[in-house]
There are 2 protein chains.
Amino acid sequence: MHAPLCQACAIRNRAICADLDSEELSLLNSIGRQRRLRAGEQLLWEGDEAVLVANVVEGVLKLSTFTADGKEQILGLVYPSDFLGRPFGETTPYGVEALTDAHVCVFQRADFDRFAREHPRLEHKLLERTLAELDRTRRWMLLLGRMSAEQKLASFLLEMEDRMANGGCAPSFGEPKVWQLPLSRQQIADVLGLTIETVSRQFSRMKADGLIDLPSRREVVLLEREALTELSG
Amino acid sequence: MHAPLCQACAIRNRAICADLDSEELSLLNSIGRQRRLRAGEQLLWEGDEAVLVANVVEGVLKLSTFTADGKEQILGLVYPSDFLGRPFGETTPYGVEALTDAHVCVFQRADFDRFAREHPRLEHKLLERTLAELDRTRRWMLLLGRMSAEQKLASFLLEMEDRMANGGCAPSFGEPKVWQLPLSRQQIADVLGLTIETVSRQFSRMKADGLIDLPSRREVVLLEREALTELSG
DNA sequence: CGCCTCTTTGAAGAGGGTCAAGCGAGGTGG
DNA sequence: CCACCTCGCTTGACCCTCTTCAAAGAGGCG
């Protein structure tokens, strides 16, 4: 698919392009390019010149960085309709890697920057999104700085379920449902600022306590959302 | 000072207003209002309707939130020329309190939002600032999630000195200099996700090791920036 | 079936939290 | 001017959570 079609895009109404009229959209169309990523494939490298920005159409990606001694910290997860990359910046401040097979709509940063500056409506959307992302990131700081391992994992599972269930469109009601974890245990540890062993132990304990079920490594069921919410602090 | 004068503003060239022409500036002038805050005074309360946004002219303020069990986490520090508040949002996602006597230039959010939407240049500045703030916040996540108490405090002191020395304009060279900490030990603990005791112990150890000097509670000298940089990871 | 990777589990240890007491600078009142 | 009080900070002792190190278990895939 080298000829993207914004008009037919799955995330058309949720991404930053939502407010554009059809003329603007086809202009954007002309500078964008679809790209598929396999799980594990890297899209951007930390410290590189910031050449790309992108919209996520499908899949989950991680933003991450490393300490001097090589420990990874995942700085954020990016889902369909989220924007990704560093417009108006020199270098990419974090690495970006696909956690699942993914589908993104990429732009050369220079093209995108120019387009954005000429289309305030897009720039406004981008601003709203960035502000929302900043709020989300700050909430994550509370988790990293002040929560116990148990609280961290409970918070993580609850948020993840909301994200996975239905693209975040509606809160999850009714029967507990099985869903796929897009992250390995190690990656969950890197999100929460824990070690893989601690994550694994917390999973086991929650399962033993009947709060969750783990049909397989990558599958989860939240049996007791109430109790998990309680735990999450 | 109820009649602000943007043209004469100390942070005129560094704040988001930097790119405005004089006509725009006087319009902004007419919707803004100067306000002085005493150290400890609260400007915004978490969860309140988002009614205000502001530019910091002078002083240091903190953004903070609390866990369910009452532990505070400082989400960010705001310095002169920084922007503060949540434009285009319903509620204030964190509390804002002055750490030192401060001087801010406040706007009714509704007024500011309208002005911003009508002046893409301002909105663009705001976007650049928000993106930079997001990068800074993400770097802080690495600190919270992956660093030891010692690394945290070393990082904190180094960054703080850069901020305090000269408004962040130039890197600090030459002789070690005494400067004022705008935060109490407890507040430092809340920034770093530690307890006051741990912060205090780390201070004492660094002093004993000759890395820093503490002429009084609120004064610091970084004697060995090299070594501290090493420690900070 | 066997290998490889990811995950789980166990045991030991350290870093930081908690609780409690002591210190000291600044402010107040005698 | 000094004694006293207060509040923030420091220091000590102990304990708990999470990390570290090590080994065994469980899927997945050739």
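This is a predicted model, so every value here is computed, not measured. Letters A, B, ... mirror the listed sequences (proteins, then strands); counts begin at 1.
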N/O donor-acceptor pairs under 3.5 Å from side chains in residues 46-63 of chain B, not counting sequence neighbours:
{"from": "B:Glu46", "atom 1": "OE1", "to": "B:Thr65", "atom 2": "OG1", "distance (Å)": "3.0"}
{"from": "B:Glu46", "atom 1": "OE2", "to": "B:Thr65", "atom 2": "OG1", "distance (Å)": "2.7"}
{"from": "B:Lys62", "atom 1": "NZ", "to": "B:Glu72", "atom 2": "OE2", "distance (Å)": "2.9"}

Distance-only polar pair, side chains of A:Glu161 and A:Trp179, donor-acceptor under 3.5 Å: yes
Verify the distance criterion only: is there a donor paired with an acceptor across the side chains of B:Ser232 and B:Thr229 at less than 3.5 Å? no
Just checking B:Glu219: does its CD atom have more than 12 heavy atoms from other residues, nucleotides or ligands closer to it than 6.0 angstrom? yes
Begin with the C-alpha distance, continue with both residues' side-chain angles, and end with the deciding distance and a verdict on salt bridge (charged side-chain N to carboxylate O under 4.0 Å, His left out) for B:Asp135 and A:Arg86. CA-CA 9 Å; B:Asp135 288 348; A:Arg86 182 58 169 89; 2.7 Å; yes
Hey, is B:Arg146 close enough to A:Asp69 for a salt bridge, meaning N to O under 4.0 Å? no
Is B:Arg109 paired with B:Glu90 through a side-chain N to carboxylate O contact shorter than 4.0 Å? no
Tell me whether the centres of the aromatic rings in A:Phe112 and A:Phe83 are closer together than 6.0 Å. yes
Starting from P on C:dG17, measure out to CD on B:Glu72 and report it in whole angstrom. 16 Å
CD of A:Glu219 versus C1' of C:dT7: gap in Å, rounded? 16 Å
Protein-nucleic acid N or O pairs under 3.5 Å, nucleotides 28-30 of chain D:
none

Any chance you could list the contact pattern along nucleotides 8-24 of chain D? Use B for base contacts, S for sugar-phosphate-only contacts and - for none, protein heavy atoms under 4.0 Å, 5' to 3'. BSBBBB----SBBB---
